[in-house]
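Have a look at the structure below, then the notes.
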Protein chains: 2
Amino acid sequence: MSKTTITGTRSESVRLMNQSVVLRAVHLAGESSRSMLVPATGLTRGAVGTIVGDLVDLRLLEEERAGSDGSPGRPSTLVRPSPRAVVVAFDIRVETVAVGVFTLGGHRLAATRISRDHDRGPEHTVDEVATIARGLLELLPPDTVVHGVGAAVAGLVRQHDQLVVSGPNLGWRDVPIGALLRDRLGADVHVAVGNDGDLGALAETRRGAAVGLADVVYLSGEVGIGGGVIAGGRPLTGSAGCSGEVGHIPVNPDGLPCNCGSSGCWETEAGDHALLRRVGRSDEIGTAAIEAVVHDAEAGDAAVLAALDEHARWVAFGLAGVMNTFDPDLVVLGGTLARIHPYIAEAVDRELDRRVFDVIRAHARVVPSELGIDAMLTGAAEWAWESVLTEPPRAASGVAASTILRRSA
Amino acid sequence: MSKTTITGTRSESVRLMNQSVVLRAVHLAGESSRSMLVPATGLTRGAVGTIVGDLVDLRLLEEERAGSDGSPGRPSTLVRPSPRAVVVAFDIRVETVAVGVFTLGGHRLAATRISRDHDRGPEHTVDEVATIARGLLELLPPDTVVHGVGAAVAGLVRQHDQLVVSGPNLGWRDVPIGALLRDRLGADVHVAVGNDGDLGALAETRRGAAVGLADVVYLSGEVGIGGGVIAGGRPLTGSAGCSGEVGHIPVNPDGLPCNCGSSGCWETEAGDHALLRRVGRSDEIGTAAIEAVVHDAEAGDAAVLAALDEHARWVAFGLAGVMNTFDPDLVVLGGTLARIHPYIAEAVDRELDRRVFDVIRAHARVVPSELGIDAMLTGAAEWAWESVLTEPPRAASGVAASTILRRSA
DNA sequence: CGGGTTTGTCGCAGCCTTGGAGAAACCCGC
DNA sequence: GCGGGTTTCTCCAAGGCTGCGACAAACCCG
């Protein structure tokens with residue numbers, strides 16, 4: 001049960017907060033100059049100077065004397081994320097798994113995606129991704145420091161013990177994914193696990209279609225419909241960290257049974273299965289089947305287009321509820337919803353015009369994802385960085401990449 | 001469009017934040033001792049001492065040397081909210097309007113509720129409530145200071161201009177309620193306006209069934225179904241301040257038209273009209289009609305009980321979506337939903353067991369409101385205090401009650 | 001009257017800000 | 001091409017504010 005607590009600020013935490021603010025600013029904006037950080041953080045030149053110094057000492061940032069940029073005045077020192085400070089990100093979804101290494105600032109140094117073996121358990125999946133991660137780390141300079149591990153999982157993640165409580169589409173149940181990854185990569189590495197929808201939302205607000213926006217809803221449609229919400233600039237977590245499961249809003253009293261145990265959930269009407277059902281291909285599954293539908297739509301197949309129109313109405317039916325609930329700046333559609341967006345956008349908009357409050361509709365746009373399939377992986381990296389971003393001195397407990405290589409060998 | 005900004009902490013703002021923390025602690029806990037405030041705020045004795053001194057100077061708190069309380073040691077100085085520091089709260093709903101005066105700490109000094117004249121416009125309503133407020137203030141000591149005005153309105157409130165954009169059940173549209181109240185009470189008084197559901201949620205987390213909980217959903221069923229959400233300890237606002245309209249989640253593709261322009265909204269299936277329709281009394285409206293239904297249920301009327309059972313399924317149908325969306329600690333039912341709770345609780349629970357994820361269901365309870373009809377008024381007071389709680393020095397710009405009496409005469 | 005507890009006060013350390021000196025680049029006029 | 005003026009940035013020392021810790025005093029109880 002989550003409780004609210006209020007805590008006073010002690011003077012030592014002022015420095016901590018300002019380190020966090022400066023580091024976050026560089027992380028979000030990428031390479032900056034000291035003088036750009038002054039207005040961005042609201043601190044003075046002096047404070048920025050010492051704090052950047054701290055962060056350089058922690059090997060999180062690098063400074064470089066800049067050459068002239070053509071403008072008058074002395075050029076400001078450049079500040080950039082260190083390319084030796086990285087996190088490892090995992091994206092574990094139904095059909096594929098992906099591994100990536102990301103620097104502070106969100107630059108992707110390397111990434112691999114492979115198809116997932118459905119028949120074997122979570123341990124096998126963890127072994128596989130850990131092996132890939134090792135392979136990626138081997139290619140990096142030996143002084144690279146891993147500051148954390150992030151994992152996006154297509155299932156409900158209970159935050160306090162990082163347990164995948166339920167991943168119906170993965171076939172997982174009560175999988176201690178956080179502990180498994182930690183065991184496989186070294187007990188002292190910091191692991192952050194999140195729901196795929198939540199991390200997709202995080203990624204799109206940091207690196208994608210919703211950069212800088214405070215109220216964002218992300219919808220991923222892979223097999224089911226996952227959701228993630230950024231509210232007031234912060235990820236919505238809920239009591240156990242399981243919020244944002246908008247795919248399981250009941251929308252059809254006469255609907256089909258859902259994997260979750262309920263029936264008539266939004267994802268049973270607006271997910272992949274529903275789409276394939278509507279085009280009369282209930283026996284097919286997976287990305288290939290969806291691609292075939294998109295291909296036929298592109299070719300102008302009237303039956304498919306009609307099915308997409310019907311599908312759009314269901315997408316909008318649920319989306320209207322989500323928008324009236326959250327009053328977002330932006331709704332980002334990922335996965336299948338992004339893929340079919342061109343063919344459903346008009347019908348969705350029409351339905352939303354009718355069902356969403358005018359005040360909300362007036363400013364809320366619905367756009368396809370910018371990050372596409374990489375949203376979750378990017379989000380996992382952002383999630384992994386979060387711990388260092390809030391408390392930069394933790395960077396001191398980062399683990400040398402070489403240590404992880406020895407451990408997992 | 002809401003944007004995220006990050007700002008560094010300057011040393012002067014530390015004091016501000018700590019004043020806010022101490023004041024908030026006293027506001028929430030009521031009379032405390034200095035020594036109790038030390039663990040509650042995480043500050044040291046010295047800091048608490050000087051900060052309490054500041055707040056006493058601002059006439060927000062009072063100190064009193066305590067007598068012995070039986071425990072060993074020197075009794076700690078008592079700290080309590082000043083009974084002279086008040087806010088005025090308004091609750092404007094469909095059938096009635098209410099006015100109250102609340103001290104810091106949430107104590108209600110006086111309150112009045114009258115029925116609302118449906119046929120006259122918002123200006124008339126504002127005149128009426130302002131007159132009542134004047135009457136209540138006249139009864140208070142002349143050195144009373146009004147630190148703000150809060151209003152709960154049964155409609156969508158756009159925060160940036162405090163406009164009631166849409167209050168279909170009130171018959172209001174684009175009413176500048178904030179400006180009207182300010183004009184009527186004096187231009188220098190701080191006015192905070194909020195949606196009734198949002199303020200109900202605030203009230204229940206501060207003074208009602210959800211005290212101290214971080215993730216709470218409040219549902220008010222008067223004519224429609226209003227909602228309010230506290231997420232991560234903070235009220236969910238959304239981009240324009242119009243979030244939490246869960247009553248307008250579409251739940252029935254074949255549903256009836258809704259006042260909002262859509263159809264099949266949750267409130268068309270779980271609101272008062274739907275209940276009366278199910279018991280075959282579509283021609284009746286209002287609290288009296290609902291009371292009659294409750295009376296018949298109490299008497300064991302089989303048809304009414306069956307209708308309530310059907311109603312319960314619709315209540316749970318929408319509620320399941322809300323719970324999967326927010327993963328709350330607690331759902332608080334207000335208004336009609338609280339009134340009929342005894343007759344629907346079992347059926348609602350059964351349906352939720354089936355439709356809500358187990359992890360969420362395991363900790364989320366559904367309870368009737370503790371504050372009842374006063375929830376919105378209490379929430380309006382809390383909302384009014386919010387500005388002073390965040391920045392205590394603003395108390396210096398409170399307005400003497402006598403000034404308001406002169407102004408509005 | 002002694003033990004235990006709480007409070008107030010004082011010096012110390014940490015953090016940020018201010019303001020001035022100095023450095024580095026640009027522009028312009030000679 | 002060169003030097004002065006301008007702009008912008010960095011660095012440094014002084015100053016103010018804050019919270020922290022330790023001590024002594026105040027207070028209650030047995």
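First the proteins, then the strands, lettered A, B, ... as listed; each starts at 1.
With both pairing distances under 3.5 Å, C:dG22 is matched to D:dC9 as a Watson-Crick or G-U wobble pair.
To the nearest angstrom, P of D:dT8 lies 18 Å from CG of A:Leu37. Here C:dG14 presents its P atom at 14 Å from CD of A:Gln19, a figure rounded to the nearest Å. For A:Glu64 and D:dC9, the CD to C1' distance is 16 Å, given to the nearest whole Å. Between the CE atom of B:Met17 and the P atom of C:dC15 there is a distance of 16 Å, rounded to whole Å. What separates CD1 of A:Ile51 from C1' of C:dG14 is a distance of 13 Å, to the nearest Å.
When all heavy atoms of B:Val388 and B:Leu23 are compared, the closest pair comes out as O-CD2, 3.9 Å.
Here A:Asn18 reaches the OP1 or OP2 of C:dC16: one of its side-chain N or O atoms lies under 4.0 Å away. Within the structure, every side-chain polar atom (N or O) of A:Thr44 is placed at least 4.0 Å from both OP1 and OP2 of C:dC16.
The side chain of B:Ala47 lies closest to D:dC20 when the candidates are D:dT18, C:dT17, D:dC20.
By the neighbour-count criterion of 12 heavy atoms within 6.0 Å, atom CZ of A:Arg182 is densely surrounded, having more than that number from other residues, nucleotides or ligands.
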Run the side chain to side chain contact (heavy atoms under 4.5 Å, CB included) check on A:Thr237 and A:Gln159 step by step: do they pass? CA-CA 9 Å; A:Thr237 60; A:Gln159 279 300 320; 5.9 Å; no
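Residues satisfying the side chain to side chain contact (heavy atoms under 4.5 Å, CB included) criterion with A:Ser243, sequence neighbours excluded, are A:Leu236, B:Asp327.
Among A:Thr144, A:Asp143, A:Thr103, the single residue meeting the side chain to side chain donor-acceptor pair (under 3.5 Å) criterion with A:Arg84 is A:Asp143.
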Write down the protein N/O and nucleotide N/O pairs, taken from nucleotides 10-12 of chain D, whose separation is under 3.5 Å; answer none if there are no such pairs.
{"unit_1": "D:dT10", "atom_1": "OP1", "unit_2": "A:Ser76", "atom_2": "OG", "d": "3.2"}
{"unit_1": "D:dT10", "atom_1": "OP1", "unit_2": "A:Thr77", "atom_2": "N", "d": "3.4"}
{"unit_1": "D:dT10", "atom_1": "OP1", "unit_2": "A:Thr77", "atom_2": "OG1", "d": "3.4"}
{"unit_1": "D:dC11", "atom_1": "OP2", "unit_2": "A:Arg34", "atom_2": "NH1", "d": "2.7"}

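Identified under the salt bridge (charged side-chain N to carboxylate O under 4.0 Å, His left out) test for residues 27-52 of chain B, with sequence neighbours left out: B:Glu31-B:Arg80, B:Arg34-B:Glu63.
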